[in-house]
Structures are given as C-alpha cells and as structure tokens.
Amino acid sequence: MSTSALSAALIPLHIAGEPAAPPAPVVIGASTGTERPPAPTARLEAADWAALGVEPRWRGQETGDCAAVLSPLSGPATGREPYKRYAEGARQRGETALVIACIGAGKQTHNVFSGTVASGIHLPRYHGQISASPLPAGVSPELTDGLDHAEHDLATRLLNNPPHTWFRLTHLKDRPSGHGAARVYPPPGEGELRPILVDGLGAPVAGVWMPASGSARWFVVPHGTDQRLLVQWLVQHALPAYVPGALTRARSPLVRDPALATEAETRLVETIAEEQRTHEQRQTELQQQLAALRAVADPLRDRLLFGTGHPLEDAVHDVLVAAGATVTRLDAVYGTNSADLLAQYNGRRVLVEVKSSNNRPPQSLPDKLLKHLNTWPALPGTEPVDGGVLVVNYQIKLPPAQRDAEVYTDRAFADALTVPVIGSACLFDWWRREDWDAMRHAVFGDTGSSQAPETAVPDADPKASGRPGLLSRLRR
C-alpha cells in the first residue's frame, strides 16, 4: 500500500501587511534607554505558514482566490486593490468574505469626550467603523450566550491565551452628511457587531461583525493575539463552518465529499452521529434533572440562609419534614401564644421557635422559647411536649462563610442555656448533605433510631411537606 501523503494544496490566505522582516541588530550605545518597546506580537515565519497548511499572499500578489483575510494590525484597507480583488472573488464564488482583524495597534489618543482611543477598523462599503478603547489591566472577559461552534472555539482560545491588552469595541455607523440632509448615496450600510467575549460590564472585547446581507464575517480580536492561534482556528474551525468551498478546492482532509466515502467510513460516520444524538439526549435529561433539583434547592437555600419571618419558618418546616418528622404549624391555631412549629419524631414532641437577626442575635431570644414552653400546657387541646428548640438565622447581612460558627459566641452564656439553639445554616448543611441523623439528634435528642426518612411524594401545594423529598428522590 502506498504511504504517500495526501495531495492537498496549501490554502491561499491574504495577509494585510508586509512579510515579517528579520529583527534589526542591536547596536550597543545607540539607545538612550527612554524608548518604549512595542507591544509584543507573535509573528509567523515562512516555514510556519506551510506547516499550518496556508500559503500567505502579501501585497502585490493575487488575492482573488484567497480563502480569507488575516489583518494582524488594524484591519484590511478595504479601498485598496488586494481587498477589492479578494471580496470580488468571494462574491463571484458565492462565498462568505471571511476576515480576522486585529484592533488596537499603534499610537493611542486621548480627549475629554471619548477618553483614550486606540486604532480602530474601517468596515467596507459605508458600514462605518469599529473603535477600540483600551481597558484597565486585570479585565477578565466572559463568554457570551448563543455562540456557534467556531465562535465558541475562538472565544475559548482567546481566554486561554489572552492578549497584552483588551479593548472595548464600539460599532460606529456612518451618518448622513450635510446640514439637513435627509438622504445620501450610497446610503449607510446596515450591519451588526455581535460580541463573543464581553467584559464585566457587558461591553464587547471580541466579536464578529456581519452586514445585513450576511455576505461577510469580520472577526475582531485584540492586537497582539498570537497569529499562530488565529491561523489554526481559521483552518480548523472558521473555514469548515463558513467557507467550506475553500477547503474543497484545496482538497483539504477537513472537508470530505460523503459521496466518495467508503462503506466502512459511512457506517462509522453514522455510528458517531448516533452516539452524538444519544449523548445529547442524555445530556438533556440530566439538565432537566438538574433544573428540578435546583427548583427545590434554590428557595430552601435562600430562605434558610437569608430568610426571615414566615419564609424562614416554612423552610425550617420543610427540612424537618425531609428528615422524617411530622411538623404542625401553630401560628394559625394559637397565634403568638405558642411557638411557631410542633415537631414529632419517634414518640418525641418538641416546640420549635424560629427567629432571625441581621447581626449577632440578642441573648433574649431563648427567653421567648422558654415562655412558650411554660404557657403550652394552658393552651386548649394541647398534649405534653418533651422540650423545645430555638432555630436562629443570624448575621443575615454577611455571606454565610463569614458568619460566626455558633449562634452565641459567648461561651459562658452558651453553656448556661437550658434549651438547644441551632443556626438555620446548620439545618441547611444537614439537609444538603442529607445527614438526617445529625438533624434529628439536634432537634429531638436521642431518639434511638437512625433509619433514613421515607421520601415524600411531591405535592401540588408549594408549601406542602413533600417538596424537599424531591431532592432526595432525584439524587438516588
């Protein structure tokens, strides 16, 4: 069998600039030491282009058959012959004009109206320009939603190999000129700059500009982005997604005609597609399960950690039910004359008083539970209880990780307490870990049982006791 390489040709790529010149020799004593070195830019050597499967076409070379344009400095000069020939060739072939334009190179200017501005990019045919404003050091861009595969891959590469400086991008559209002019010809072009990466304020720092016709895609990235990264992405992702005809002409193995595939290749492609469909279906099912879990966990998490009043009481009720207890709300029967809840488990009955405090809780809170324990026997229709427990959500204004570990940090006062005092954050932690034994022991004391609670069936009532059971059921 022949082992010769595939007869793939290099993909012609127009480089809007000049070939990389060899570095100038350093002359000792020629520098005053005051010059500021230029921003680092990764340049490709001649051998690198071929290794990436690309034939660079520079100024003065034919560009009409090029697959795309790479502009490492400030966007291609759309009014000059190289870009005109490239764009016309793409139009005649019915292909998308694909441009990767680096923005922000060169001298920066400053004025009181727009602040510091770097070199922008002029778009073709009256579509305006994209301006660049340098951002402070330490900006951490984020992916935007709705990206296709190629856009997502480029954004990820930029995040993993960030440039020296990020720029805030702004699309400035052409406006009619002249006093009172209602029309101009040709009219300003319509287009959109869609972000693929945004800064913490939601402003685009990398994006793709497309005219309303959809005939072009200009990917705008910061100056200083590694050229090898951009060319690799162009060949491996952008061309297959947007200009597959260029790969077909170059007989690239990245694009294959299914009609020429062997039976074995076809079967394997179908198997891979089926595996992909199965994976996507399974992923959808898991995402639905995760959404159901979060629909239960989110409100309980919020109420136990940040809730007050009745929402906090409801959350305490729900997690005690999840631990297997029978819980009765007392406010509707006795009002403020009793505790908030009556909890029962394995023959033990306790009153549960629920309180909250924005800061450290006052030491008077346990007295409220003791008062309810003393008045409980005098209330109509009551049966004896085995004690009570105070649940407190405290230091609500602080993040949970910054709160005191104990409800009361005064050790002498805490040791003198005659009733259990539990932080609602502790209840939450036991609930999220499904540590029912720890929760029951804290609330009911030694019940002589360590069996797991039965999983309740979700009820239509949003306040029903079965709601927390959904979390346990879905986790198993």
Side-chain angles (χ1 to χ4, degrees), residues 15-18 20 23 31-44 69-78 99-124 127-145 147 151-175 191-210 217-234 238:
I15 313 299
E18 301 292 341
S31 173
T32 62
T34 60
E35 296 87 350
R36 184 177 180 181
T41 302
R43 288 186 174 271
L44 294 173
V69 176
L70 172 63
S71 182
L73 295 177
S74 58
T78 57
V99 176
I100 304 177
C102 296
I103 195 169
K107 185 178 180 180
Q108 299 178 0
T109 60
H110 179 84
N111 62 61
V112 296
F113 300 103
S114 56
T116 303
V117 178
S119 299
I121 293 175
H122 290 275
L123 299 170
H127 283 93
Q129 60 181 312
I130 298 174
S131 69
S133 301
L135 294 174
V139 170
S140 299
E142 299 177 351
L143 290 164
T144 56
D145 297 328
L147 302 180
E151 294 167 346
H152 186 278
D153 188 86
L154 175 60
T156 303
R157 289 172 186 245
L158 292 173
L159 290 178
N160 292 336
N161 300 272
H164 180 70
T165 303
W166 292 102
F167 299 88
R168 183 180 70 251
L169 308 181
T170 305
H171 183 197
L172 304 176
K173 299 182 180 180
D174 281 346
R175 292 290 182 263
E192 176 189 12
L193 174 64
R194 186 162 49 82
I196 63 176
L197 285 176
V198 294
D199 65 8
L201 301 180
V205 297
V208 53
W209 173 81
M210 295 178 59
R217 285 178 181 262
W218 282 48
F219 286 88
V220 183
V221 299
H223 168 65
T225 301
D226 189 341
Q227 290 186 23
R228 180 182 297 275
L229 175 152
L230 295 175
V231 175
Q232 286 177 337
W233 172 78
L234 174 72

What's the spacing between [X] [atom1] and [Y] [atom2] if we round to 0.5 Å?
X	Y	atom1	atom2	result
Asp226	Gln232	CG	CD	8.0 Å
Thr165	Ile103	OG1	CD1	13.0 Å
Arg157	Thr225	CZ	OG1	12.5 Å
Asp145	Ile196	CG	CD1	13.5 Å
Arg194	Glu151	CZ	CD	4.0 Å

* Asked: When you measure from the side chain of His171 to the backbone N and O of His127, does any donor-acceptor pair fall under 3.5 Å?
  ->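 Checked: pair present.
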* Asked: Hey, does the side chain of Thr144 reach the backbone of Pro195 with a donor-acceptor pair shorter than 3.5 angstrom?
  -> yes
[Y] and [X], any side-chain heavy atoms less than 4.5 Å apart:
X	Y	value
Leu234	Ile100	yes
Val221	Leu154	yes
Leu158	Trp166	yes
Leu230	Cys102	yes
His122	Gln129	yes
Pro222	Val205	no
Trp218	Ile130	no
Leu143	Leu197	yes

Please give me the minimum heavy-atom distance between [X] and [Y], naming the atom from each residue.
X	Y	value
His223	Leu73	CE1-CD2, 4.2 Å
Leu147	Ala155	CD1-CB, 4.4 Å
Gly207	Leu169	N-CD1, 4.1 Å
Gly202	Val198	O-CG1, 3.7 Å
Pro72	Ala16	CD-O, 3.9 Å

* side-chain contact (heavy atoms from CB on, under 4.5 Å) between Leu229 and Asn161, worked out -> CA-CA 9 Å; Leu229 175 152; Asn161 300 272; 3.5 Å; yes
